Number of protein chains: 2
Amino acid sequence: MFADREIATGELEPCGLPEHEDCGLRLVLDRLGERWTVMTVAELSAGPRRYRELQRGLDGITQRMLTLTVRRLERDGYVSRVVEPTNPPSVTYELTPRGKSFAAIAGRLVDWARVEKPFIEASRRAFDSRN
Amino acid sequence: MFADREIATGELEPCGLPEHEDCGLRLVLDRLGERWTVMTVAELSAGPRRYRELQRGLDGITQRMLTLTVRRLERDGYVSRVVEPTNPPSVTYELTPRGKSFAAIAGRLVDWARVEKPFIEASRRAFDSRN
DNA sequence: CCGCATCCGGGATGATACTG
DNA sequence: CAGTATCATCCCGGATGCGG
C-alpha cells in the first residue's frame, strides 16, 4: 500500500521514505486537521467566493477563524486571494490548481466518511459500553 | 466534485448533505488530524504489530501518545487489539477491514503530500517574504 | 512487556469589540 | 465589506514516574 515500490532490504518503510521521516505529511495534515479547512475548500470548490459569502456558507464560523483559515490556505498555495481596490474593498477567494487537486483528495475523504459514519458511531458505542 | 449528485434547488451544498452539516467528516478528520494516526496506520498496514514494535516503528512517539492513538483507532474500529494472557502479557494490534480501507485513502494523501511538499514549502516561503 | 496517572505548556478555537 | 485586536478556554501532546 501507499503506492507500489520495491523494498530492497526486505524492510518495509511504512511512509515510503528512506529517511523514515513523515514525508511532507505534516505539511498537509496540519491543514487538514484544522476545523474549518475541509469545509472551506469544499465551499470554494463550488466556485470563487467573497469573504462574507464564504462566511455565510460556513455555518458557525467566526470572522477570526475564517480569516485564519483562508490565510493559511493562501500561505500553502491552496487558495488565491484577489483584492479589488473598490470602496468598500472586495476580496475574492478562489482555489488554485493545487487547491483543486487537494479538493479531489478531500472529496474522497468526504465520501468515505459519509459512508462509514454510521459504522464508526456504532463502533464507538460498542467500545464505550465495553469499557 | 465530492461525488456526482444533482442539486434540485440549484443551491450547492458543499458537503453534500441536506442538513448542511459536516457529514461524518469530523468523525474521520478528528482521527486524521492527530499527530500519529496516519503514521500508525501506515505502520500497521505492513502487518500486525505488538506494542513495542509499533513504538519502535514510530520514531519519537511517547508511550502515552501511542496508547492514546491505538485506543482511539480501536474505538473507531480501525484497529483490533488482541491480548494474549501470557506472562508478561502480549498485545497485538492489527488493521480491521475498515482500517485497511482507511489506509488506502490515507495512502493517497501520503503520496500526494510527498509530491506537493517542495511546492508547498516554496509557497510558504514566498508568502512569508511578501509579509 | 504493556499501559496508566499526573503535571504542564502551547496552539487551536471561540466570544466580543473595534476599524478603514 | 473585510478584516484586527484582545481575552478566555480547551485539549493535544510531551515529560516523567509508577504498576501489573
Side-chain angles (χ1 to χ4, degrees), chain A residues 22 25-41 43-44 48-76 79-94 124 127-128 130-131, chain B residues 22 25-41 43-44 48-76 79-94 124 127-128 130-131:
Chain A
D22 66 0
L25 248 189
R26 294 284 8 118
L27 231 53
V28 176
L29 288 182
D30 284 348
R31 291 289 76 71
L32 205 52
E34 286 157 4
R35 172 142 193 203
W36 300 99
T37 296
V38 174
M39 277 161 60
T40 300
V41 168
E43 184 72 24
L44 287 176
R49 292 289 146 91
R50 294 182 55 179
Y51 186 90
R52 289 289 184 189
E53 281 182 308
L54 210 42
Q55 188 177 20
R56 278 188 291 271
L58 300 172
D59 203 42
I61 197 173
T62 60
Q63 289 186 318
R64 169 186 161 77
M65 289 318 298
L66 177 56
T67 297
L68 280 178
T69 301
V70 291
R71 276 293 174 285
R72 295 194 273 230
L73 287 175
E74 184 195 3
R75 184 167 111 101
D76 286 4
V79 161
S80 67
R81 177 173 177 273
V82 179
V83 182
E84 306 287 341
T86 56
N87 194 316
S90 152
V91 179
T92 303
Y93 296 93
E94 187 172 6
R124 288 190 182 178
F127 181 93
D128 291 343
R130 276 199 304 276
N131 304 280
Chain B
D22 66 1
L25 248 190
R26 284 276 120 235
L27 230 51
V28 176
L29 289 181
D30 284 349
R31 291 290 76 70
L32 203 54
E34 285 158 6
R35 172 143 192 202
W36 300 99
T37 297
V38 172
M39 278 161 61
T40 301
V41 168
E43 184 72 25
L44 287 176
R49 292 290 145 91
R50 294 183 54 180
Y51 186 89
R52 290 288 184 188
E53 282 183 307
L54 210 42
Q55 188 177 20
R56 279 189 292 273
L58 300 172
D59 202 42
I61 197 173
T62 60
Q63 289 186 322
R64 168 186 161 77
M65 289 320 297
L66 178 56
T67 298
L68 281 178
T69 300
V70 292
R71 275 290 172 286
R72 295 193 274 230
L73 286 175
E74 185 195 3
R75 184 167 112 101
D76 287 3
V79 160
S80 66
R81 178 173 176 273
V82 179
V83 183
E84 306 287 343
T86 57
N87 194 315
S90 152
V91 180
T92 303
Y93 297 93
E94 187 173 6
R124 286 189 184 180
F127 181 93
D128 291 344
R130 275 199 304 275
N131 304 279

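What you see is a predicted model; the values in this text were computed from it and never measured. We name chains A, B, ... by the order of the sequence lines, and we start the count at 1 in each one.
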CZ of A/R71 versus C1' of C/dA12: gap in Å, rounded? 18 Å

So what is the end-to-end bend of the helix from C/dC1-D/dG20 to C/dG20-D/dC1, with 5 pairs used at each end and the value given to 10 degrees?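 About 40° separates the two local helix axes.
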
Flag the pair [X] / [Y] as yes when at least one side-chain heavy-atom distance between them is below 4.5 Å, and no otherwise.
X     : Y     : result
B/I61 : B/M39 : no
B/M65 : B/L58 : no
A/L29 : A/L32 : yes

List in chain and number order the residues that pass salt bridge (Lys or Arg N to Asp or Glu O under 4.0 Å) with B/R31, two or more places apart in sequence or in another chain; answer none if no residue qualifies.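 For B/R31, the residues satisfying salt bridge (Lys or Arg N to Asp or Glu O under 4.0 Å) (neighbours in sequence not counted) are B/E34, B/D76.
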
Would you compute the distance between atom OG1 of A/T37 and atom CG of A/D30 and round it to the nearest 0.5 angstrom? 10.0 Å

Can you sort out the partners of [X] under side chain to side chain contact (heavy atoms under 4.5 Å, CB included), two or more places apart, ordered by chain and number?
X     : value
B/S90 : B/R50, B/E84, B/T86, B/T92
A/S80 : A/E94, A/T96
A/R71 : A/T67, A/E74, A/R81, A/Y93, B/F127

Outermost DNA chain D nucleotides near chain B [under 4.0 Å, heavy atoms]: D/dG13 to D/dA15

Detail all sub-3.5 Å separations between protein N/O atoms and N/O atoms belonging to nucleotides 13-20 of chain C.
from	atom 1	to	atom 2	distance (Å)
C/dT13	OP1	A/R35	N	2.6
C/dT13	O4	A/R64	NH2	3.1
C/dG14	OP1	A/R35	NH1	2.2
C/dG14	OP2	A/W36	NE1	2.9
C/dG14	N7	A/R64	NE	3.2
C/dG14	O6	A/R64	NE	3.2

Just to verify, what does B/R52 make a side-chain hydrogen bond (donor to acceptor under 3.5 Å, both in side chains) with, not counting sequence neighbours?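 If we apply the side-chain hydrogen bond (donor to acceptor under 3.5 Å, both in side chains) test to B/R52, skipping adjacent residues, the hits are B/Q55.
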
Quick one: side-chain hydrogen bond (donor to acceptor under 3.5 Å, both in side chains) partners of B/D128, sequence neighbours excluded?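 Residues passing side-chain hydrogen bond (donor to acceptor under 3.5 Å, both in side chains) with B/D128: A/R75.
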
For C/dC2, does OP1 or OP2 lie under 4.0 Å from any side-chain N or O of B/R81? no

